[in-house]
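Report on the following structure.
The analysis underlying the following values was restricted to heavy atoms, covering all of them including side chains, and did not include hydrogens, waters or symmetry mates. The structure presented is a predicted model; accordingly, all values stated were derived computationally and were not measured.
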Amino acid sequence: MNDLDIREWLLTNGLGSFASGTLCDARTRTYHGWLMAALDPPDRCTLLLSHIDASLEIAGFVFSLGTNFWQDGTVSPIGVLRSFSLDPVPTWLWGQDDWKLSRQILMPHGLETRDGSAPQLSHRVLIQYRYQGREAAVLRLRPLIADRPLHHQQRQSPDLSFSQLIEPQQLILQSMRLGQAGTLWQICWSQGQYQPDSVWYWNFHYPEETQRGLSDCEDLYSPGYISTTLHPGDLITLEASVGLATESPKLTDETFDRELQSQKERIAPLMTIGSSSFQKKLLQMSDRFIAFRITAGTPTVIAGYPWFRDVGRFTLMSLPGLALTTKRYSLARSLLKMLGQYCYQGLIPNGFAEPDGKPIYNSIDTSLWWIEMLGLYLEASQDWDFLTQQYGVVKQIYKSFTAGTLYNIRVDASDGLVIWDDSTIALTWMDASVNNEPVTLRRGKPIEVNALWYSALCWASQWATALSQLDATNAALVNQARRYADQAAQVKQSLQRFWNADRTYLFDVITPDDRSDATLRPNAVLALSLRHCAFSPDQARQILQVARDRLLTPYGLRTLDPADPAYRGRYEGGVWARELAYHQGTVWSWLLSPFLRAWNHFYADFPLPFDWEPLQTHLEQQVCLGAISELFDGDAPHLPRGAIAHVVTIAELLRLLDECPDS
């Protein structure tokens, strides 16, 4: 494994489906596969096509291509891979002096809307092989398949079988498990003959899962293989797709080029925004997180690949970078409208349950992030009709927080601050838990939540005033504006309770029994980065200095001061060990944006000389090419950890480079 390039690549289709693997072509994760289809977009991700094992026969010599890890520790076959390229799509080149075989993988965009009709959804992947050599060769392609959920492995069982229906240049597949029919899907090819040859391949090993303390072994099924004779310059194209696309044009080698051109044209307007190579790579990756939620009929945002789905908090925090800096205002509007329509007792959902897509209400700050992002959207778009439509949601959030809502979330009448008092659940973004016990509970009055509450009251007062001017007969709006402003003034004064003069920083939480928690975390920086900030420039500068000295790393901000006894500098080990470290020192790169935006605001004449080279090198050369990892170790050398691609980081860096181009 140490000699193989296990860096990763990622393709997505705009529905939540994805394809992913390694540069060396061996699968190292449960989440690797060429067709991981989101059957109920973006949910019910199901592995159908794991990969295709290929061999090339030339003049009686057989070359096995590709590589596999096996449970017994062996690595075989060891293909003759010569190079990998990500441009324009993942491309592998195998060969020797007298022959070359390339393979490209493309995942077409799966959402199509026409003339206001219902969206047409498709989940498919295209694979194309190109041969160059001195003489003809025989290429044999053996699909390895499954039908299992995203987070699980498949094992051979008497209860599991696969049926296959063979048509000319088409193979229709379906699993049967305990008498229940699985997903119907197909593989098509542009030339060659198919030979049924059903066989199970046992004990593929996924070393990344071993390191994560999870199940790490899988069995894959092969229904047969395709053989074709290739002359120099010949191509063969394959397509794996969900369902039976009986009305689609026949698959040809030109299909791949046509879809590749369509992909380039779709993303071309987005790429004109970037002024640097770094920014263009961020823009290209940002598009891969946009998905579609079928239960709502609107766009959504995947929080991270390969294992996250959409998370309300992260969708909202990503909105400025994904939609406002790129001037995709219709996307921003759709995301806000989608989440706003699910507002329940003043709470905006932080996720959606599978398989029914029901909203999950388990956060205290998502509703406040919704108001903050609504404000930023309105500033950018001047879409005041949308404010009229959504003002009822703003009032619902305000009334529910003021009167009290789920998890005993309420406004403390004594100081106007938001508090919650449920010890069974973590409701802030630091929400890791072990055995259903929160690791970083932060129960009481968290600093960033109350900074968001202050900003929300300022927005609400501003909006009520604007709406009252449009409707002079509505005296209620004038009263609402005054009430919001009065409460904002009270909250601004009460927020001074968080000032810790001894550490020139902000207390992280005021507990339900009114104790001040001096734990040094980056949440104080979030409080400075909102549109309406309650702290003085002098306080802000002192806070930023402490954050720079104690939390800042080349990859982002630590979640805890290394001097704290609870600090954990490495995010590694099994599930429990990793959850205990998740917000206890681990570095999150998205925090760079609020930190540097706040620094540039409060230190306008003294910009911070931040070195972007380590993060840019990570984006271009490490883990998942073109993406940024979810986490990094708090301790040097700050190894990348967690999900291989995280949306908030990509989006927040785009926002930072747009708002502070000299950062």
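Of the possible polar contacts, none joining the His638 side chain to the Thr553 backbone as a donor-acceptor pair under 3.5 Å is found. Listed for the Gln382 side chain is a donor-acceptor partner under 3.5 Å among the backbone atoms of Glu379. Side-chain atoms of Ser529 come within 3.5 Å of backbone atoms of Leu526 as a donor-acceptor pair (strictly under, hydrogens ignored). A distance-only check finds no donor-acceptor pair linking the side chain of Trp453 to the backbone of Val491 [under 3.5 Å]. Within the 3.5 Å criterion, the main-chain N or O of Gly585 finds no donor-acceptor partner in the side chain of Arg568. Without hydrogens or angle criteria, Arg309 side chain to Ile302 main chain gives no donor-acceptor distance under 3.5 Å. Side-chain atoms of Thr440 come within 3.5 Å of backbone atoms of Met430 as a donor-acceptor pair (strictly under, hydrogens ignored). Judged purely by atom type and a 3.5 angstrom limit, Ser433 has no side-chain atom pairing as donor or acceptor with the backbone of Pro438. Side-chain atoms of Ser318 do not come within 3.5 Å of backbone N or O of Leu322 as any donor-acceptor pair. Between the side chain of Ser363 and the backbone N or O of Leu427, no donor-acceptor pair lies under 3.5 Å.
Between the side chains of Thr300 and Asp310, at least one donor-acceptor pair of N or O atoms lies under 3.5 Å. Looking only at atom types and distance, the side chain of His532 has a donor-acceptor partner in the side chain of Ser455 under 3.5 Å away. Judged by distance alone, the side chains of Gln480 and Tyr391 do bring a donor and an acceptor atom under 3.5 Å apart. When only modelled atom types and interatomic distance are considered, Trp370 and Glu372 share no side-chain donor-acceptor pair under 3.5 Å. Looking only at atom types and distance, the side chain of Asn523 has a donor-acceptor partner in the side chain of Asp508 under 3.5 Å away. A donor-acceptor contact closer than 3.5 angstrom links the side chains of Asp383 and Tyr377. For the residue pair Tyr505 and Gln545, no side-chain donor N or O sits within less than 3.5 Å of a side-chain acceptor on the partner. A donor-acceptor contact closer than 3.5 angstrom is absent between the side chains of His151 and Thr30. Using a 3.5 Å distance cut-off with no hydrogens or angles, the side chains of Asp538 and Ser536 do not pair a donor with an acceptor. Under 3.5 Å, the side chains of Asn500 and Arg503 contain no donor-acceptor pair of N or O atoms.
Here the side chains of Ile510 and Asp517 are not in contact, with every heavy-atom distance at 4.5 Å or above. Contact annotation: the side chain of Arg655 approaches that of Arg597 to within less than 4.5 Å [non-hydrogen atoms, C-beta and beyond]. Using a 4.5 Å heavy-atom cutoff, the side chains of Arg578 and Arg641 are not in contact. Here the side chains of Gln341 and Gln390 are not in contact, with every heavy-atom distance at 4.5 Å or above. Side-chain contact check for Thr325 versus Ile273: every heavy-atom pair is 4.5 Å or farther apart. Residues Asn350 and Trp369 fail the side-chain proximity criterion, which asks for heavy atoms closer than 4.5 Å. Put simply, the side chain of Asp633 does not reach to within 4.5 Å of the side chain of Val587, judged on heavy atoms. Side chains of Gln584 and Tyr567 form no contact here, defined as non-hydrogen atoms less than 4.5 Å apart.
The nearest pair of heavy atoms linking Pro299 to Leu331 is CB-CD1, 3.8 Å. When all heavy atoms are compared, the tightest approach of Leu10 to Ala645 is CD2-CB, 4.1 Å. Residues Leu654 and Ser286 share a closest heavy-atom pair of CD1-CB, 3.8 Å. Here the closest non-hydrogen pair linking Ala524 and Ile543 is CB-CG2, 4.0 Å. Annotation for Leu368 and Ala456: closest pair CD2-CB, 4.3 Å, computed over non-hydrogen atoms. The heavy-atom pair separating Tyr329 from Ala380 by the smallest distance is OH-O, 3.5 Å.
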Atom pairs and distances, donor-acceptor, side-chain atoms in residues 608-615, under 3.5 Å, two or more places apart:
from   : atom 1 : to     : atom 2 : distance (Å)
Asp611 : OD1    : Glu613 : N      : 3.0
Trp612 : NE1    : Ser663 : O      : 3.1

**Study point:** Chi angles and distances behind the side-chain contact (heavy atoms from CB on, under 4.5 Å) call for Trp420, Asn408
**Key:** CA-CA 5 Å; Trp420 111 86; Asn408 203 17; 5.7 Å; no

Practice item. Any chance you could lay out the salt bridge (charged side-chain N to carboxylate O under 4.0 Å, His left out) test for Asp287 and Arg328, step after step, and finish with the verdict? Key: CA-CA 11 Å; Asp287 186 69; Arg328 292 190 286 187; 3.5 Å; yes

Practice item. Under the side chain to side chain donor-acceptor pair (under 3.5 Å) rule, what do Gln621 and Gln616 come out as? Steps first, then yes or no, please. Key: CA-CA 8 Å; Gln621 301 179 22; Gln616 186 167 350; over 6 Å; no

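In this structure, the ring of Tyr305 has its center no less than 6.0 angstrom from the ring center of His646. For Trp590 and Trp429, the gap between ring centers is short of 6.0 Å.
Checked for salt-bridge contact, Arg521 and Glu448 miss the test: no charged N lies under 4.0 Å from a carboxylate O. Salt bridge annotation for Arg550-Asp561: present, with a cationic side-chain nitrogen under 4.0 angstrom from a carboxylate oxygen. Ion pair Glu572/Arg212 not flagged as a salt bridge, since none of the NZ, NE, NH1 or NH2 atoms sits closer than 4.0 Å to an Asp/Glu carboxylate oxygen.
Considering Phe498, Phe602, Trp499 as possible partners of Gln539, the one that fulfils the side chain to side chain contact (heavy atoms under 4.5 Å, CB included) test is Trp499. Between Trp588 and the options Phe595, Phe632, Tyr582, Tyr555, a ring-ring contact (aromatic ring centres under 6.0 Å, His included) holds for only Tyr582. The only member of Arg442, Lys445, Arg443 that meets salt bridge (Lys or Arg N to Asp or Glu O under 4.0 Å) when paired with Asp421 is Arg443.
To the nearest 0.5 Å, atom CZ of residue Phe314 and atom CZ of residue Phe289 are 12.0 Å apart. Distance check, rounded to the nearest 0.5 Å: CZ of Arg558 to CG of Leu520 gives 11.0 Å. In this structure, Ile348 CD1 and Met338 CE are separated by 10.0 Å, a value rounded to the nearest 0.5 Å. Between Thr465 atom OG1 and Leu477 atom CG the span is 9.0 Å, to the nearest 0.5 Å. To the nearest 0.5 Å, atoms CG (Asp635) and CZ (Arg570) are separated by 7.5 Å. A distance of 8.0 Å separates OH in Tyr344 from OH in Tyr361, rounded to the nearest 0.5 Å.
Scanning for side-chain contact (heavy atoms from CB on, under 4.5 Å) contacts around Gln396 gives Cys343, Ser400, with sequence neighbours left out.
Asn436 CG: 12 or fewer foreign heavy atoms inside a 6.0 Å radius. Annotation for Trp384: atom CH2 counts as buried by contact number, over 12 foreign heavy atoms lying within 6.0 Å.
Cation-pi geometry between Arg293 and Phe352 is satisfied (NZ or CZ under 6.0 Å from the ring centre, within 45° of the ring normal).
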